[in-house]
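Following: one structure in structure tokens, then a few remarks.
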Amino acid sequence: MATMTDPLDPIVVAKDFPLLNRRDRERPLVYLDSAASSQHPSAVLDAMDRYYETTHANVHRGVYALAEEATTQFEAARTNVGRFVNAPRPATEIIFTKNATEAINLVAQSWGRRFMKAGDAILLTIMEHHANLVPWQMLAAEKGLELRYLDVDDSGYLDLSNLDRLMNGTKLVGITLTSNVLGTIVDQDRGLPAIIEAARSAGAVVLADGSQYVPHSPTDVRALGCDFLAFTGHKMLGPTGIGVLWGREDRLDAMPPFLGGGEMISDVRLDGFTPTELPWKFEAGTPPIAEAIGLSAAVDYLRGIGMERVRAHERELCAYAIRTLGARYGGDLRIFGPTDPDARSGVLSLALDDVHPHDVAQVLDEAGVCVRAGHHCAKPLMRRLGVAATARASVYVYNTEADIDALADALEAAASLFARH
Amino acid sequence: MATMTDPLDPIVVAKDFPLLNRRDRERPLVYLDSAASSQHPSAVLDAMDRYYETTHANVHRGVYALAEEATTQFEAARTNVGRFVNAPRPATEIIFTKNATEAINLVAQSWGRRFMKAGDAILLTIMEHHANLVPWQMLAAEKGLELRYLDVDDSGYLDLSNLDRLMNGTKLVGITLTSNVLGTIVDQDRGLPAIIEAARSAGAVVLADGSQYVPHSPTDVRALGCDFLAFTGHKMLGPTGIGVLWGREDRLDAMPPFLGGGEMISDVRLDGFTPTELPWKFEAGTPPIAEAIGLSAAVDYLRGIGMERVRAHERELCAYAIRTLGARYGGDLRIFGPTDPDARSGVLSLALDDVHPHDVAQVLDEAGVCVRAGHHCAKPLMRRLGVAATARASVYVYNTEADIDALADALEAAASLFARH
Amino acid sequence: MAGLEDLYREIILDHYRSPRNRGELPSPPAHRSEGFNPLCGDEVVVHLLVEDGAVADIKIGGQGCSISQSSASLMSAAVKGKPVTQARALIRSFKAMMSIHEASLGNDGDGEGGEAGGTDEDDAAGGTVSIEDMGELAALQGVVKFPVRIKCATLPWNTLAQGLNEAEAGEQA
Amino acid sequence: MAGLEDLYREIILDHYRSPRNRGELPSPPAHRSEGFNPLCGDEVVVHLLVEDGAVADIKIGGQGCSISQSSASLMSAAVKGKPVTQARALIRSFKAMMSIHEASLGNDGDGEGGEAGGTDEDDAAGGTVSIEDMGELAALQGVVKFPVRIKCATLPWNTLAQGLNEAEAGEQA
Ligand SMILES: Cc1ncc(COP(=O)(O)O)c(C=O)c1O
Ligand SMILES: Cc1ncc(COP(=O)(O)O)c(C=O)c1O
Ligand code: FES
Ligand code: FES
């Protein structure tokens, strides 16, 4: 019997994923796009179906048994998700949003509008996803704030040499824990403590974008030391339509509401309203109930595997991919980001000489290999790397070395099709 | 064979709803809380499962076949939902949000911030749901706007006698097409044209809250004549986690973005961004993909029944309920809202003499009858009615006269348990 | 599956139909405190006369469901004439009786104490009363099986706790 | 199921590997217009010399995928030396060939015309060319089976349409 110390066996895991097991396809599917969105184990789909088929009713304020059970399951999902990231107060500090993007907008609009004033600076990094850029740009334009960026060096690591200078006058730091293009990891073991410490001295709060981190590594908000953590359900085996904001209770308590409506009030009069307590203060309207229950099932599934094993598996696959692709293509294939598998996630952005990333993805698709081509919602980083787009392969719990081999073979087909003679 | 002109047979319809058909319950379920959230036919759950099990990938920008198919299904869902409300340009005018509440907040924050200035007035009605009150109160507090309200008369109809005076200086009108407490309908046949016309003369835009209307009546945004229409998936047989904003294309085009992030940009630089076109300009981050597909299946299901028949069925049930309850309780049971079944939806707010609504709901639950007790997110209306709460029964396509009889019987149990001797 | 008879015991219905100590007390010297259940909008008003470290008199106002109103009535009967320390012990005991279920709702960080000003410090120290010694109050025990109604039952007690704090602070000032 | 050979015809690969009319034209007298595919960030630059109602010369700049670049190359060869009216007819025909599939994507109100300034008026009047008469351009027909790539193929044509409009407006001024 497999135990938690054995390495994860992706072939066994993949059996739980209906989409990966369909026999009605012309060719087997090699899904290497989990950084865009992951697939779903039956346990997640079943949890949502079970909810809809046995328990559904609107949550909160319902007296009847069905509504009470729905509320219990929804709030239990919240606590479960909170425990997954080791939130000190999972029942109050976890806000369900529609995606990570909304979670970041919530902080920008609620915390940012209340606590920042003209001339204050926001420190981001050049490798942020648009989700952690545009909300701050909107806020900066509205309030006259300054935007500053940490650069990346040519190996794909954050350049922290100017940290103290950049932190001077900074009120908020927004930083991704894992780049969705370079794979670079920034966490309590790699670079984050210096940023957190500098932010503390400057009196700045730190929002961590965990969209590419929480699905792939054991996550502990206490160890990370940030004030806010945003992540998204559909990249961690969960459904679409749900994201998560974790925030330190005192921060969240001090913030004004974000969206207005039902659930988030304790009283409404004709001339105004009184917001209610955490976490509901930030959840206006009917929440994503089934989605929360699905995400909770995803968290259970991941916990069942063990996040340490998830991380170890992806580290090995990433190392294998770098070795294999390097051996086969050498200089003709550029792999962006750190070469040290300890410092990077299983996201591999590739550039094949003379072949456009969209053509790469197109040819790969013909071989059943799904990779994403484009700017990956990280246009500033693309400019910094000097490319318009990359082809990006990314792995998860169900991917195997055979998938990497299929990727390597298909890249060869692309290279030979387009080679300028 | 039943045709579209036969009345809807709720017993046949109910067979499609797994939750209503479970045999593992202690007692049959009489679900009379669809105004809070409706149940789901298998067709909706199957559509989502099928999507997750065969097609899931992140939408937009994906080159590979799976992502392309996901995008096609997602955009087809948009068009289908748009056609359901007869949107002139369904592919660009339908914005997917997380619920109706977000849809209204979108208009308040984007249109309201851009086009309203201190001293302008917002005209709402006293019977609005908090979702159509609090966003405007937040905007009013931020920008120094005046809030005005249309009152309801003692029969539950909107009082339009002061319309012209109230419209003077008004820039936006927010109005529910159906009260979720009184059932009062305000549409092209009942009261709305006067409001639209007065708004046009005053140069005000009109946002209609269709959360309780679109699920229950044929809806035609062209006939309604409003500028925006908000509604929500989970009240129309669809999943949680999705809402809809329809807006006239020229209005939406003129509006700045709402939330910032991926999908809603055409370019991002370090110093700012350029938004993309409709509808994506308003859909930051990964959208509720499976939820849109589920909602589209719900729309197909409703269209299969025929919205005229849905409305006729609910009208009959409502008339039956008013007759039955009136005959059995007379003055001991207060039914709020219009008594004319043509003028009201199948939402029945009840007050039983000497019994608190929460106790009513509790005793009803014991008989398997699910009704909602509380302020129904309409506190200003509750104050106007002089009650803290009501017990609310609401019907949908699967409810029968037998359900109303069960309600009447259970009310009797409540009345006798609490009667002060 | 909990049945209605667990919730609506005869004692509860009796106190609901014929509430004890209903009314007001002139303030001052009495102290008036209001509690409010945000879930339903119901309220309990506690008029409290504290003299020589004892609850010399108590009257109840407000309106709400059978559980909140009977709990208020039962509470008034239980604390009237008792030393404040004993009233506080009863509050603690009652809230403990009601909190059994809360935890399993997942509300770890969010007891029901917040709304009406009943603070956690109330719970931290001092004696309690066992359920056997709670007399008629034990009739409310069945409420824990109906989690949404727990706030109904605790509303008057949180309001009383707040009133005692304020009344004693006023006495000392 | 469409295969890769439908997309990457030999002619297309040839024009991709050895693009025709690549370069710039001095401006003025030539006109320079840029088209941009927001989905991928690729761009096509069209340098256009319109003289006596004809496309006297054309050069292509920018960078992008094989489809956009070969489409630009094929386009330059097809319109070079042709009367402007004939170039416009080709644009219409090419976009018609590419739009077959768009409709079924549900984008009723949102043709791909918007991005690079190709306006609907272009399509409204004037003659068209049948696919049989489009010569090498017909090689791009297979693109319609790959809806996400349609914008790649139409990008240069929208840019040309915009360039022709601007060049003719300039001539008249
Ligand atoms: C009239 C009305 N408007 C708005 C809403 C809000 O819908 P949601 O909670 O899905 O945003 C509701 C439902 O509660 C409603 O009844
Ligand atoms: C690093 C990062 N942040 C944020 C996001 C946004 O996630 P969502 O689209 O679910 O809001 C993504 C995913 O695209 C991401 O990779
Ligand atoms: S329902 Fe309001 S206190 Fe019980
Ligand atoms: S992928 Fe950019 S134009 Fe083809």
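Sequence lines set the chain letters: A, B, ... in the order given, protein chains first and strands last, and positions in each chain run from 1. Model, not experiment: these values are computed from the prediction.
- For the set A:G62, A:G374, A:A140, A:A373, the count of heavy-atom pairs under 4.5 angstrom toward chain B peaks at A:G62.
- What you find for B:D365 and A:V63 is that their closest heavy atoms are OD2-O, 4.4 Å.
- Only the backbone of A:V59 has a heavy atom closer than 4.5 Å to any heavy atom of chain B.
- Looking at every heavy atom in both residues, B:Q39 comes nearest to A:Y52 through OE1-O, 4.2 Å.
- Using a 4.5 Å heavy-atom cutoff, the side chains of B:R372 and A:N58 are in contact.
- When all heavy atoms of B:F258 and A:M138 are compared, the pair lying nearest together is O-CE, 3.1 Å.
- Here A:R22 pairs with A:D24 under the side chain to side chain donor-acceptor pair (under 3.5 Å) rule; sequence neighbours left out.
- Using modelled atom types, no side-chain atom of A:N105 and backbone atom of B:L259 make a donor-acceptor pair closer than 3.5 Å.
- Put simply, the side chain of A:L147 does not reach to within 4.5 Å of the side chain of B:D271, judged on heavy atoms.
- Heavy-atom minimum distance, B:A57 versus A:S37: C-CB, 4.5 Å.
- A:H358 meets the ring-ring contact (aromatic ring centres under 6.0 Å, His included) test with A:H356; sequence neighbours excluded.
- When all heavy atoms of A:T55 and B:L19 are compared, the pair lying nearest together is N-CD1, 3.4 Å.
- Contacts of B:H40 with chain A are made by side-chain atoms alone, with heavy-atom separations under 4.5 Å and no backbone atom involved.
- Panel note: side chain B:Q137, backbone A:R269; a donor-acceptor pair is recorded below 3.5 Å.
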